[in-house]
A.B. asks: 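Can you read through this structure? Questions will come right after.
These values consider heavy atoms only, across backbone and side chains, with no hydrogens, waters or symmetry-generated copies. Keep in mind that what you see is a predicted model, and the values were worked out from it rather than measured.
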Amino acid sequence: ILKDEKVLENVKNIIAVSSGKGGVGKSTVTANLAISLKHMGFSVGILDADIYGPSIPIMFDVTDKKPLAVNIKEKSKMKPVENFGIKILSIGFFTKMDQAVIWRGPMASKALNQMIFDADWGELDFLLIDLPPGTGDIHLSIMQALPISGSVVVSTPQNVALIDARKGVSMFKQENINVPVLGIIENMAYFSPEELPENKYYLFGKEGAKNLSIDLGVPFLGEVPLIQSIREAGDLGRPASLQEDSIIKHIFNEISKNMISELLLRNKNLPTTEIVKIKTMSGCSAIK
């Protein structure tokens, strides 16, 4: 826990992108949101906080890169790796591809704090934080270190994912955390074959995340279909939103606009989010 409450003064908006469970495309959504925001003219950075499964370096084709050291006001800082105009820091830069990160919570938290405060992020309109799946120690460490402007929850439509997405929204709404939820994004919403583009097949259920957003009273930011090229683009290290005049670029532009609209409302109507100051969550006790 940081005692001096350092804040990234040159970063205007810090957005946490989360998911209740793994495998729902949270990192893919983060990467494409970043590209969409960059296309709109914003300066954007990504902090890959998924300590145990960092995938942002793969999605931006920078797995062979390392942050360089720069001197800022007589202090040595990490310079984020950059590609497609997005500044990136990830634990993946400091571990081997086939190396498992076997860390206890305090070690992971220390690594994250170094990537946040020992980095020269420069001037950013948006810093997107790609959180690990679930609701755990890393999430609390991030919110104890930074005043999060708002959060976005990613889910697929099926019930097993929605149950965990509900928990994710609940975490941000906890009284001691109180991070505004800007909205829910439904990924893998439907499948349309290339030869039948007008047909929609709801492989994982229909509008599950949209209905959840209504049930929880949080905005629905949009849906992303199950498209093969999104997966292929991520694997090749070129986020699909880079494709000019593509339906994917249009979809993520709309989602980004909806997120910005909710952020503007949040900044107008709510005070700045405070750094979480709790040591343990209410209702939890240490195991003796």
A.B. asks: What residues, two or more places apart in sequence or in another chain, satisfy salt bridge (charged side-chain N to carboxylate O under 4.0 Å, His left out) together with Glu9?
C.D. replies: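 By the salt bridge (charged side-chain N to carboxylate O under 4.0 Å, His left out) rule, Glu9 matches no residue at all.
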
A.B. asks: Could you tell me which residues satisfy salt bridge (charged side-chain N to carboxylate O under 4.0 Å, His left out) with Glu254, sequence neighbours excluded, listed by chain and number?
C.D. replies: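 In terms of salt bridge (charged side-chain N to carboxylate O under 4.0 Å, His left out), with neighbours along the sequence ignored, Glu254 is linked to Lys257.
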
A.B. asks: Only distances under 3.5 Å count here; give the side-chain donor-acceptor pairs of residues 39-50 to other protein atoms, sequence neighbours excluded, each with its distance to 0.1 Å.
C.D. replies:
unit_1: Ser43; atom_1: OG; unit_2: Glu123; atom_2: O; d: 3.4
unit_1: Ser43; atom_1: OG; unit_2: Asp125; atom_2: N; d: 2.9
unit_1: Ser43; atom_1: OG; unit_2: Asp125; atom_2: OD2; d: 3.1
unit_1: Asp48; atom_1: OD1; unit_2: Asp50; atom_2: N; d: 3.3
unit_1: Asp48; atom_1: OD2; unit_2: Ser55; atom_2: N; d: 3.3
unit_1: Asp48; atom_1: OD2; unit_2: Ile56; atom_2: N; d: 3.3
unit_1: Asp48; atom_1: OD2; unit_2: Ser90; atom_2: OG; d: 3.0
unit_1: Asp50; atom_1: OD1; unit_2: Gly53; atom_2: N; d: 3.4

A.B. asks: Are any of the side-chain heavy atoms of Leu8 and Ile116 separated by less than 4.5 Å?
C.D. replies: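 Yes, side chains in contact.
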
A.B. asks: Might you point out which heavy atoms bring Leu263 and Phe126 nearest each other, and give the distance in Å?
C.D. replies: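 Where Leu263 meets Phe126 most closely, the heavy atoms are CD2-CE2, 3.5 Å.
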
A.B. asks: Cluster question for you: counting only ILVMFWY and a side-chain heavy-atom cut-off of under 4.5 Å, with indirect links fine, are Val153 and Val160 together?
C.D. replies: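 Result: no, two separate clusters.
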
A.B. asks: Is the shortest heavy-atom distance from the side chain of Lys38 to the side chain of Ile86 under 4.5 Å?
C.D. replies: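 Heavy-atom side-chain distance check passes, below 4.5 Å.
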
A.B. asks: If you compare all heavy atoms of Pro54 against all heavy atoms of Ile91, which two are closest, and at what distance to 0.1 Å?
C.D. replies: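 The pair with the smallest heavy-atom distance is CG-CG2, 3.6 Å.
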
A.B. asks: Hey, is CZ on Arg266 packed in by over 12 heavy atoms from elsewhere, all under 6.0 Å?
C.D. replies: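 Atom CZ in Arg266 is packed in, count exceeds 12.
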
A.B. asks: Before giving the answer on salt bridge (Lys or Arg N to Asp or Glu O under 4.0 Å), spell out for Asp130 and Lys26 the whole-Å C-alpha distance, their side-chain angles and the decisive distance to 0.1 Å.
C.D. replies: CA-CA 7 Å; Asp130 185 16; Lys26 167 185 52 64; 2.7 Å; yes

A.B. asks: Side chains of residues 178-200: which donor-acceptor pairs under 3.5 Å do they make with residues two or more places apart or in other chains?
C.D. replies:
unit_1: Glu186; atom_1: OE1; unit_2: Gly208; atom_2: N; d: 3.2
unit_1: Glu186; atom_1: OE1; unit_2: Ala209; atom_2: N; d: 2.7
unit_1: Asn187; atom_1: ND2; unit_2: Val24; atom_2: O; d: 2.8
unit_1: Ser192; atom_1: OG; unit_2: Asn199; atom_2: O; d: 2.6
unit_1: Asn199; atom_1: ND2; unit_2: Tyr201; atom_2: OH; d: 3.1

A.B. asks: Within a strict 4.5 Å, meaning less than it, do heavy atoms of the Leu33 and Thr30 side chains meet?
C.D. replies: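 No, their side chains stay 4.5 Å or more apart.
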
A.B. asks: Are any non-hydrogen side-chain atoms of Val224 and Phe252 less than 4.5 angstrom apart?
C.D. replies: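 Yes, their side chains come closer than 4.5 Å.
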
A.B. asks: Distance from Ile142 atom CD1 to Ile148 atom CD1, nearest 0.5 Å?
C.D. replies: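 So the CD1 of Ile142 and the CD1 of Ile148 are separated by 6.5 Å.
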
A.B. asks: Nearest 0.5 Å please: distance from the NZ atom of Lys75 over to the CG atom of Asp120.
C.D. replies: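 It comes to 13.0 Å.
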
A.B. asks: Between Phe60 and Ile35, is any pair of side-chain heavy atoms under 4.5 Å apart?
C.D. replies: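 In contact.
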
A.B. asks: Measuring from atom OG of Ser151 to atom CD1 of Ile14, what distance do you get when rounded to the nearest 0.5 angstrom?
C.D. replies: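 Rounded to the nearest 0.5 Å, the OG-CD1 separation comes out at 13.0 Å.
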
A.B. asks: Does any part of the side chain of Lys87, heavy atoms only, come nearer than 4.5 Å to the side chain of Glu82, both counted from C-beta?
C.D. replies: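 Touching, per the 4.5 Å side-chain cut-off.
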
A.B. asks: I need the Leu203 CG to Gln158 CD distance, nearest 0.5 Å.
C.D. replies: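 Answer for the CG-CD pair, Leu203 versus Gln158, is 10.0 Å.
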
A.B. asks: Quick one: pull up CZ in Arg231 and OG1 in Thr28 and give me the separation to the nearest 0.5 Å.
C.D. replies: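 Here the interatomic distance stands at 10.5 Å.
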
A.B. asks: Quick one: which residue pairs count as a salt bridge (charged side-chain N to carboxylate O under 4.0 Å, His left out) with a foot in residues 215-228, not counting sequence neighbours?
C.D. replies: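 Pairs touching residues 215-228 that pass the test: Arg166-Asp215.
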
A.B. asks: Inspect the surroundings of NZ in Lys173 and state if more than 12 heavy atoms from other residues, nucleotides or ligands are less than 6.0 Å away.
C.D. replies: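 Result for NZ/Lys173: enclosed.
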
A.B. asks: Knowing that exactly one of Leu131, Leu221, Leu128 qualifies, which makes a side-chain contact (heavy atoms from CB on, under 4.5 Å) with Val152?
C.D. replies: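 When Leu131, Leu221, Leu128 are each tested with Val152, the side-chain contact (heavy atoms from CB on, under 4.5 Å) holds only for Leu221.
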
A.B. asks: Suppose we screen for side-chain contact (heavy atoms from CB on, under 4.5 Å). Which residues come up paired with Leu265, at least two apart in sequence or across chains?
C.D. replies: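 In terms of side-chain contact (heavy atoms from CB on, under 4.5 Å), with neighbours along the sequence ignored, Leu265 is linked to Glu262, Asn269.
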
A.B. asks: Could you check if a side-chain atom of Trp121 sits within less than 4.5 angstrom of a side-chain atom of Leu89, using non-hydrogen atoms only?
C.D. replies: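 Yes; the side chains approach each other to less than 4.5 Å.
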
A.B. asks: Can any side-chain N or O of Ser241 pair as donor or acceptor with the backbone N or O of Ser36 at less than 3.5 Å?
C.D. replies: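 Here the side-chain-to-backbone pair does not exist.
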
A.B. asks: Below 4.5 Å, heavy atoms only, C-beta onward: do Ser76 and Asn71 meet side chain to side chain?
C.D. replies: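 Heavy-atom side-chain distance check passes, below 4.5 Å.
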
A.B. asks: Could you go step by step and tell me if Leu146 and Phe117 meet the side-chain contact (heavy atoms from CB on, under 4.5 Å) rule?
C.D. replies: CA-CA 10 Å; Leu146 289 170; Phe117 299 112; 4.1 Å; yes

A.B. asks: Using side-chain contact (heavy atoms from CB on, under 4.5 Å), reason through Ile177 and Met171 one step at a time and then give a plain yes or no.
C.D. replies: CA-CA 8 Å; Ile177 293 178; Met171 174 188 69; 4.1 Å; yes

A.B. asks: Looking at every heavy atom in both Leu162 and Ser155, which two are closest together, and how far apart are they?
C.D. replies: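 That closest heavy-atom pairing would be CD2-OG, 3.6 Å.
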
A.B. asks: With a cut-off of 6.0 Å (strictly less than), are more than 12 heavy atoms of other residues, nucleotides or ligands near NZ of Lys77?
C.D. replies: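 Counting other residues, nucleotides and ligands, NZ of Lys77 exceeds 12 neighbours.
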
A.B. asks: If you look at every heavy atom in Pro225 and Ile230, which pair is closest and at what distance?
C.D. replies: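 Where Pro225 meets Ile230 most closely, the heavy atoms are O-CD1, 4.0 Å.
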
A.B. asks: For Lys249, does its backbone N or O pair with a side-chain atom of Ser246 as donor and acceptor, under 3.5 Å?
C.D. replies: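 Yes, Ser246 side chain to Lys249 backbone: donor-acceptor pair under 3.5 Å.
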
A.B. asks: Where is the tightest heavy-atom contact between Phe172 and Ser18, given as atom of each residue plus distance?
C.D. replies: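 Closest pair (atom of Phe172, atom of Ser18, distance): CE1-OG, 3.3 Å.
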
A.B. asks: Group every Ile, Leu, Val, Met, Phe, Trp and Tyr by side-chain heavy-atom contacts under 4.5 Å, then state whether Ile255 and Ile247 land in the same group.
C.D. replies: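 Looking at the clustering, Ile247 is in the same group as Ile255.
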
A.B. asks: So which atom in Phe93 and which in Val62 form the shortest heavy-atom distance, rounded to 0.1 Å?
C.D. replies: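 What the structure gives for the nearest pair is CE2-O, 3.3 Å.
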
A.B. asks: Please say yes or no: joined through hydrophobic side-chain contacts below 4.5 Å, possibly via intermediate residues, are Phe220 and Val154 part of one cluster?
C.D. replies: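 Cluster IDs for Phe220 and Val154 differ.
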
A.B. asks: Given the rule in the side-chain contact (heavy atoms from CB on, under 4.5 Å) test, do Ile129 and Val17 qualify, once you have shown the distances and angles that lead to the verdict?
C.D. replies: CA-CA 6 Å; Ile129 303 181; Val17 185; over 6 Å; no

A.B. asks: Would Asn267 and Asn13 satisfy side-chain contact (heavy atoms from CB on, under 4.5 Å), going step by step from the backbone distance to the final call?
C.D. replies: CA-CA 10 Å; Asn267 289 342; Asn13 300 286; 3.4 Å; yes

A.B. asks: Check whether Met59 and Leu226 end up in the same hydrophobic cluster, where Ile, Leu, Val, Met, Phe, Trp and Tyr are linked by side-chain heavy atoms less than 4.5 Å apart.
C.D. replies: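 Different clusters.
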
A.B. asks: Membership question, hydrophobic clusters at under 4.5 Å side-chain separation (ILVMFWY): are Phe204 and Leu212 in the same one?
C.D. replies: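 Per the 4.5 Å side-chain linkage, Leu212 and Phe204 are not co-clustered.
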
